[in-house]
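First comes the structure, then the notes that go with it.
Since this is a predicted model, take the numbers as computed values, not measurements. In what follows, chains are A, B, ... by sequence order, proteins preceding strands, each numbered from 1.
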There are 2 protein chains.
Amino acid sequence: MTDVNSKTPLSSGSEPSNGVDPSQLLHGDQASCRYDLIELLFFAYRDFTAMADDRLAEFDFGRAHHRVLHFVHRNPGIMVTDLLTILQITKQSLGRVLKQLVDQDFIEQQPGPIDRRQRLLHATPKGHELASHLVDIQSELLNRAIKDLPDDGAALVKQFLIQMLDTDKRDDIVRLVSKTYRPVPPVG
Amino acid sequence: MTDVNSKTPLSSGSEPSNGVDPSQLLHGDQASCRYDLIELLFFAYRDFTAMADDRLAEFDFGRAHHRVLHFVHRNPGIMVTDLLTILQITKQSLGRVLKQLVDQDFIEQQPGPIDRRQRLLHATPKGHELASHLVDIQSELLNRAIKDLPDDGAALVKQFLIQMLDTDKRDDIVRLVSKTYRPVPPVG
DNA sequence: AATATAAGTCAATATGACTGACGTAAATTC
DNA sequence: GAATTTACGTCAGTCATATTGACTTATATT
């Protein structure tokens with residue numbers, strides 16, 4: 001290998017450090033380009049999901065299964081339509097992963113007691129166990145990242161994430177994520 | 001519709017508010033389960049990428065094209081191997097999207113001046129324009145989210161994201177994302 | 001009785017990823 | 001100079017996750 005490139009695998013830039021017109025440092029009509037945050041979001045989110053992905057692979061599940069199981073675990077008795085609204089996927093996309101989760105006894109469907117068209121979704125004990133395990137894994141990553149921040153760090157990160165949400169959905173999502181976790185055993 | 005469920009599309013919980021054993025509120029050996037942050041990360045990242053996805057769709061590009069174009073834009077003259085290391089995908093996965101970006105004149109390949117096996121990658125003016133435009137879109141989202149935080153909010157969010165990275169890759173990534181943006185026109 | 005909703009299903013398709021193998025050119029090492 | 005390694009590309013096949021559009025069944029609502 002020549003040594004013009006790649007001291008470390010990621011330090012790949014490699015242009016000669018020619019003089020740079022400062023006006024090129026920014027572009028468009030934007031006062032501050034957040035290259036660092038844009039890229040860090042990409043890398044951080046990837047590392048954040050990697051561990052859970054590995055655990056899920058042991059059950060031949062993917063991230064889609066995780067999302068479905070998680071929100072059923074967190075919202076016992078949720079109806080299919082509302083799950084579709086949360087995940088913003090189509091019935092067909094949900095269908096396959098939900099069927100696998102039901103077939104492998106991670107999720108149960110129960111007819112709605114009032115509206116019998118509904119098939120209310122509950123995690124089984126097995127499902128709650130896996131979902132909780134994945135929450136533990138991801139919570140540990142978050143707690144490690146937060147513990148070195150100033151004391152109100154977690155609240156500030158939370159506020160940042162809320163501010164990143166689309167304004168029109170923000171209230172609904174804040175309500176959804178702020179619910180206290182209340183596992184409810186299936187009625188059957 | 002019965003009115004036991006769904007005042008708003010996302011407020012779907014719907015279990016009767018039966019008494020709950022407080023010991024069930026936490027589980028595992030984890031002191032604090034960050035349900036809110038886990039879920040907010042999912043929703044925030046989705047909203048963060050949605051706008052760029054829409055713009056990319058106009059060119060029949062997906063998020064994979066965005067990632068390739070972005071890191072080429074940001075690291076002019078990067079070699080294919082280093083791009084693969086950054087993106088953590090296989091040569092085959094990169095191949096298709098890179099070919100489309102080259103065919104449609106967003107990216108140029110130039111033989112390495114020293115090591116002629118290399119095909120150093122540069123964004124074309126057209127490529128820089130699209131990449132910059134997407135950076136502007138996402139920077140605006142970030143700046144809007146940051147402006148309501150305390151004064152050191154941005155630095156704290158950045159610190160949080162860095163802490164979320166895998167320890168072994170952290171230094172390389174911090175170096176990568178901290179580079180000043182220096183667009184360099186292709187040599188040809 | 002007519003309409004709307006909840007849920008499931010069918011067929012066809014697209015994207016973005018994967019594995020494993022193979023080939024070529026060029027650089028490095030022995 | 002020969003052997004090995006590296007950079008890059010390509011082939012064939014597969015998989016996971018998503019899409020659209022149409023259709024059915026059961027049940028609720030108007």
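Between B/Arg116 and C/dA26 there is a side-chain N or O to OP1 or OP2 distance below 4.0 Å. Between A/Thr81 and C/dT5, a side-chain N or O to OP1/OP2 separation shorter than 4.0 Å is absent.
Within the 6.0 Å centre-distance limit, the rings of A/Phe43 and B/Phe71 are counted as a close aromatic pair.
The stretch residues 125-134 of chain A participates, sequence neighbours left out, in no salt bridge (Lys or Arg N to Asp or Glu O under 4.0 Å) pair at all. Here side-chain hydrogen bond (donor to acceptor under 3.5 Å, both in side chains) pairs that include residues 152-161 of chain B, with residues two or more places apart or in two chains, are A/Asp36-B/Lys158.
Spacing between atom CG of A/Leu83 and atom P of C/dT5 amounts to 20 Å, rounded to whole angstrom units. Spacing between atom CG of B/Leu84 and atom P of C/dT19 amounts to 13 Å, rounded to whole angstrom units. The separation between A/Leu120 atom CG and C/dT5 atom C1' is 15 Å, rounded to whole Å. Distance, B/Leu87 CG to C/dT15 C1': 16 Å, rounded to whole Å. We find that CG of A/Asp53 is positioned 12 Å from P of C/dC18, with the value rounded to whole Å. Following rounding to the nearest Å, B/Arg117 (CZ) and C/dA26 (C1') show an atom-to-atom distance of 5 Å. Straight-line distance from the CG atom of B/Asp115 to the P atom of C/dA25: 15 Å, rounded to whole Å. Taking atom CE of B/Met79 as the reference point, atom P of C/dA27 lies 12 Å away to the nearest angstrom.
Listed for the B/Asp105 side chain is no donor-acceptor partner under 3.5 Å among the backbone atoms of B/Thr124. Distance alone, capped at 3.5 Å, is enough to place a donor-acceptor pair between the A/Thr49 side chain and the A/Arg46 backbone. Judged by distance alone, the side chain of B/Arg34 and the main-chain N or O of A/Leu141 form no donor-acceptor pair under 3.5 Å. Under the 3.5 Å distance criterion, the side-chain polar atoms of A/Asp166 are left unmatched by any main-chain donor or acceptor of A/Asp168. The backbone N or O of A/Ala52 lies less than 3.5 Å from no partner atom in the side chain of A/Arg63, so there is not a single donor-acceptor pair.
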Q: Any chance you could lay out the side-chain contact (heavy atoms from CB on, under 4.5 Å) test for B/Tyr35 and A/Val177, step after step, and finish with the verdict?
A: CA-CA 7 Å; B/Tyr35 279 101; A/Val177 307; over 6 Å; no

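Rounded to 10 degrees, the angle separating the terminal helix axes of the helix from C/dA1-D/dT30 to C/dC30-D/dG1, each built from five base pairs, is 30°.
Taking the six-membered ring where tryptophan is involved, the planes of B/Phe61 and B/Phe106 are perpendicular, since the angle between them exceeds 60° and thus also 30°.
Listed candidates were D/dT27, D/dC8, C/dA7. Nearest to the side chain of B/Val80 is D/dC8. Residue A/Gln118 has its side chain nearest to C/dA7 when only D/dA28, C/dA7, C/dA26 are considered.
Shown for residues 89-103 of chain B: residues whose heavy atoms fall under 4.0 angstrom of DNA chain D, namely B/Lys91, B/Gln92. Within residues 59-67 of chain A, the residues having any heavy atom under 4.0 Å from DNA chain D are, by residue number, A/Gly62, A/Arg63, A/Ala64, A/His65, A/Arg67.
Judged as a side-chain hydrogen bond (donor to acceptor under 3.5 Å, both in side chains), and not counting sequence neighbours, B/His66 has no contacts.
Taking CD of A/Gln163 as the start and CZ of A/Arg170 as the end, the distance is 5.0 Å to the nearest 0.5 Å.
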